[in-house]
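Worksheet for the structure shown next.
Just so it is clear, the model here is predicted, and its values are computed rather than measured. Naming: A, B, ... by sequence-line order, numbering from 1 per chain. Computed from heavy atoms alone, side chains included, the values below leave out hydrogens, waters and symmetry copies.
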Protein chains: 2
Amino acid sequence: MPSLTYAEENYLKAIYHLSDGGKHNVSTNDLSKEMKTKPASVSDMLRKLSDKEVINYRKYYGVTITEEGKKSALQIIRKHRLWEVFLVEKLMFSWDEVHDVAEELEHIKSTILIQRLDDFLGNPKYDPHGDPIPDEFGDVKARPRIPLNDLGLNDSGQIVAVKDSSAAFLRYLDKVGAYIGARIKILDKVEFDGSLEILVDNKKTLFMSKDVAGNILIIQS
Amino acid sequence: MPSLTYAEENYLKAIYHLSDGGKHNVSTNDLSKEMKTKPASVSDMLRKLSDKEVINYRKYYGVTITEEGKKSALQIIRKHRLWEVFLVEKLMFSWDEVHDVAEELEHIKSTILIQRLDDFLGNPKYDPHGDPIPDEFGDVKARPRIPLNDLGLNDSGQIVAVKDSSAAFLRYLDKVGAYIGARIKILDKVEFDGSLEILVDNKKTLFMSKDVAGNILIIQS
DNA sequence: TTTATTTTTTAGATTAATCTAAATCAATAA
DNA sequence: TTATTGATTTAGATTAATCTAAAAAATAAA
Ligand SMILES: [Mn+2]
Ligand SMILES: [Mn+2]
Ligand SMILES: [Mn+2]
Ligand SMILES: [Mn+2]
């Protein structure tokens, strides 16, 4: 694996995410938006990443991630998610507080550190937002997850992840009492605006907008 | 406290240490040696640190650290040492493995992270090398410590810290069975080369060179 | 108290990561 | 199929952290 700078790691991770794990092409403008840098800066960075052979770059046609790049990206994601677990499980952070700190911790370079952190945490399979943690070889246990939106009336399932990990969204979920692991059932779907009424843990009913429901990921059952 | 870059933090910490906590003046060449950079680079950096008012810099006459600078340095040292405790106590690192990783972790910017790490570790007062951990206000519980060298024949005491934290030295101590907390007594002092014979925990006798003894710190008793 | 030596600073480059402004390419629309 | 538009790249700067080589200042030696 080529050695990447801090900034290169962040770009590569963004490319991995925006391409949905390498499935699609990513454009300069999309990256520019994601990274909050100007398109010109992105072009510069793409040349560097291409030189290091972690992406395939054809000028004017966007990028795809290489197999090598995917491996590197998955190691960064692994670190990010393990640190998130550490912060929540051991340091009592709430799930809306961990992202920015993990964004820094993910760049600490030490293989042994991550191995031992993984063991210390009991080799967790998912992070606090329900996202799978790649193993040391980059293998990911992907569960099939669908947006809460896609359930029909009277369907039921379990919340397993969130699509949006912003503090604002997570705090909203805390407030209304939606959490990962919660069992839910669709009591009503409003035609007009796509909003839902759901039953949480056979106990509490909850109204939520289409927008919110689209960011909650479910395993149907 | 002014915000410092990664490199600025490392220089400031070096200045703090080389000046023995602000007691002495530090020269450009000394810093250059410590930081493994050229004197020219040090001069550049001193101007920057001076602009941020963490050091007093008089061209050609070296630097002293300001009160503000001392505070900043102590926060970095606090983080470094807390992370070292974490690595040893929780992740099963040995005391000779922690330094380089802590050197990176100390730069993670998050007040809440350090507060919670401190609590998680049970508010330790000393790091794995016996060095005191400054509290959140920068207050340090300094114990009087003397080099093992300075003890006289039949004097006894307890190992509380090491002066040299290099992996080589620490592994040597592991090998011969000297550790922090060990009770020791001077059985013999060789005039010729300053080497010592000591009794460890009333059990095991140990020979060590003057050089080694000078890097072991003791509280006499 | 001159001269020589050592230390320190300045000048001028380089690399990484960013920016703005200008140029260029590709896709779309007439 | 050409013109327009929007996306992307290139050119030229800037800031941070380093370097080498040269100049200047302080210290030590004669
Ligand atoms: Mn990051
Ligand atoms: Mn996450
Ligand atoms: Mn450091
Ligand atoms: Mn230490």
**Prompt:** What nucleotide, of dT9(D), dT8(C), dA16(D), holds the atom closest to the side chain of Lys48(B)?
**Reply:** dA16(D)
**Leu31(A) side, atom CG; Ser41(A) side, atom OG - distance, nearest 0.5 Å** = 11.5 Å
**Interatomic distance, Asp30(A) CG vs dG6(D) C1' [rounded to whole Å]** = 14 Å
**Asked** Counting side-chain heavy atoms from CB outward, which of dC19(C), dT9(C), dT18(D) is closest to Asp44(A)?
**Response** dC19(C)
**Rounded distance in Å - CE (Met45(B)) to C1' (dT15(D))** = 12 Å
**Request:** Please determine, for the side chain of Tyr60(A), which listed nucleotide (dT20(C), dT10(C), dC25(C)) has the closest atom?
**Result:** dC25(C)
**Request:** Output yes when at least one side-chain N/O atom of Asn29(B) is less than 4.0 Å from OP1 or OP2 of dT8(C), else no.
**Result:** yes
**Lys59(A) vs Ser41(B), nearer the 5' end of DNA chain C by closest nucleotide** = Ser41(B)
**Message:** What is the distance, to the nearest angstrom, from the CE atom on Met35(A) to the P atom on dT8(D)?
**Reply:** 16 Å
**Asked** Which listed nucleotide (dT9(D), dA17(D), dC19(C)) is nearest to the side chain of Pro39(A)?
**Response** dT9(D)
**Request:** Nearest 0.5 Å please: distance from the CZ atom of Arg58(A) over to the OG atom of Ser50(A).
**Result:** 12.5 Å
**Message:** Tell me the interatomic distance from Arg58(A), atom CZ, to dT8(D), atom P, rounded to whole angstroms.
**Reply:** 13 Å
**Message:** Heavy atoms only, 4.0 Å cut-off, all strands: where does Ala7(A) land among base, sugar-phosphate and nothing?
**Reply:** sugar-phosphate
**Request:** Using a strict cut-off of less than 4.0 Å between a Lys/Arg side-chain nitrogen and an Asp/Glu carboxylate oxygen, indicate whether Glu106(B) and Lys13(B) qualify as a salt bridge.
**Result:** yes
**Request:** Would you indicate what Tyr11(B) reaches in the nucleic acid, counting non-hydrogen atoms under 4.0 angstrom: base, sugar-phosphate, or nothing?
**Result:** sugar-phosphate
**Item:** Euclidean distance, atom CG of residue Leu46(A) to atom P of dT10(D) [Å, nearest integer]
**Value:** 11 Å
**Prompt:** Rounded to whole angstroms, how far apart are CG on Leu49(A) and C1' on dA17(C)?
**Reply:** 12 Å
**Asked** NA contact type, Thr28(A), heavy-atom cut-off 4.0 Å: base, sugar-phosphate, or nothing?
**Response** sugar-phosphate
**Item:** Length of the CG-P vector between Leu4(B) and dA17(D), whole Å
**Value:** 10 Å
**Salt-bridge present (Lys109(B), Asp100(A); N to O < 4.0 Å)** = no
**Message:** Measure CZ/Arg47(B) against P/dT10(C) and give the value in whole Å, please.
**Reply:** 9 Å
**Message:** Regarding Thr5(A), tell me which of base, sugar-phosphate or nothing describes its non-hydrogen contacts under 4.0 Å with the strands shown.
**Reply:** sugar-phosphate
**Prompt:** According to a strict under-4.0 Å criterion, is Tyr61(B) in side-chain N/O contact with OP1 or OP2 of dA26(D)?
**Reply:** yes
**Asked** When we call it a touch if two heavy atoms are under 4.0 Å apart, what does Tyr57(B) touch: a base, just sugar-phosphate, or nothing?
**Response** sugar-phosphate
**Prompt:** Looking only at side chains, do Trp95(B) and Asp174(B) share a donor and an acceptor under 3.5 Å apart?
**Reply:** yes
